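Working notes, structure below.
Treat the numbers as computed from the prediction; the structure is a model and nothing was measured. Order of listing sets the numbers, starting from 1, for every ligand and every atom in it.
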Amino acid sequence: MKSSRVLLSTVVLAMLLAVAGCGQPLSASPAEQATTVPSVKPKKTYKDLIVGYVQLGDESEWRSANTNSVKDAAAQLGVELRFSNAQQKQENQISAIRSLIAQQVDVIGVAPLIETGWDDVFKEAKDAGIPIIVVDRRADVAPDLYVTLMGSDFLEEGRNAARIMANLTNGQANIVELQGTRGSAPANDRFEGFREILKDYPGMKIIDSEDGNFTVAKGKEVMESFLKAHGKNITALFAHNDDMAVGAIKAIEEYGLKPGVDIKIVSVDAAKGAFDAMIAGKLNATVECNPLLGPEFLEMALKVVNGEPVPKWVPSQEGEFFASQGADQLKQILSTRKY
Ligand code: AHR
């Protein structure tokens, strides 16, 4: 009787262990016990990071400042940066992203040349488990294909340029416009934002508008053609960036008119060239667009790699600067700026 009770309790215990999935001896060795402790993945630091940055080119002062900001921040923080310059070609940017995917970097930052055409390559990065951070210019893709966008509100920049122009001209102007690279987010948005405000000013007319590709040389060339076509009828210029305004200023002077006086000029970026032109009284105002995104870009990269939440858009903090502030004040401000 006693022996059958012992046998029964042994069978019950064996069944309970089997149900609990514990087919192992009750006392595991220290090595076996260690494997059962839940493992916490150690957080990466900047020094562990390998980050790709796919720059679109070097068309402007803004672009050089952006490149330097990313390179300097990586050097300071000890991040391994794999940088490429696409020389204004989207196909170069796409192959650079593919190469970074093959290299299995931790994060890829991209400043997209134009808005469209990114779906496939961004999806390839996502499928490979490599997060994309869009820097500066927006890409027209589904939100799940990138982790965050860092950069300016280009639409608001266009609106602010129009508000400033309305003040400078008392709402009466024949405006020519130098657009940034066709199909790029800043060109699309500055174009749209400018027109949005102009709707309230029937005396302000855009009499010509062309692509100046964000460069000094093209800005000069297109301004020459505007002057040839419209001559002294032009009373105002909106340039989508400072470099094109600087080129246009040369064209206006060569034509025999006074930039900033005969033709009021507003541009975007607030780069050194714009400050020099405002100090000389040749540019009336510039709306700031901040290129110094390097430190924040790497901060976002580290957060993303460590699984920390990041906002979908990290907007830049920006101001406006005017020739009317006076040369002394502008010189003082310029001495504190990095670009
Ligand atoms: O995307 C930002 C724009 O690109 C800047 O306004 C311009 O100067 C640059 O080329």
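- Salt-bridge formation is detected for the pair E177/R195: a Lys NZ or Arg NE/NH1/NH2 atom is positioned less than 4.0 Å from an Asp or Glu carboxylate oxygen.
- Nearest non-hydrogen protein atom to atom 9 (C) of ligand 1 is E59 OE2, 3.3 Å.
- Look at M244 and you'll find every heavy atom at least 4.0 Å from all atoms of ligand 1.
- When E288, R137, H240 are ranked by how near their heavy atoms come to atom 3 (C) of ligand 1, first place goes to R137.
- Contact atoms of ligand 1 toward P186: 1 (O) (distance under 4.0 Å to a heavy atom of the residue).
- For the 3.5 Å distance criterion, the side chains of T67 and Q55 qualify, holding a donor opposite an acceptor.
- Put simply, CZ on F297 and CG on D136 are 12.0 Å apart, with the number rounded to the nearest 0.5 Å.
- At least one N or O atom of R63, backbone or side chain, sits closer than 3.5 Å to an N or O atom of ligand 1.
- Distance from atom 5 (C) of ligand 1 to its nearest protein heavy atom, with residue and atom name: D269 OD1, 3.4 Å.
- Contact annotation for E157 and ligand 1: no heavy atom of the residue comes within less than 4.0 Å of the ligand.
- A side-chain N or O of H230 and one of D208 form a donor-acceptor pair less than 3.5 Å apart.
- Against a heavy-atom cut-off of under 4.0 Å, S60 is close to the following atoms of ligand 1: 7 (C), 8 (O), 9 (C), 10 (O).
- Closest approach of R337 and A270 over heavy atoms only: NH2-O, 2.9 Å.
- R138 has a carboxylate O that lies under 4.0 Å from a charged side-chain N of E115, or vice versa, which qualifies the two as a salt bridge.
- Near D136, meaning under 4.0 Å from any of its heavy atoms, are these atoms of ligand 1: 1 (O), 2 (C).
- Side-chain contact annotation: Y53 with N66, donor-acceptor N/O pair under 3.5 Å present.
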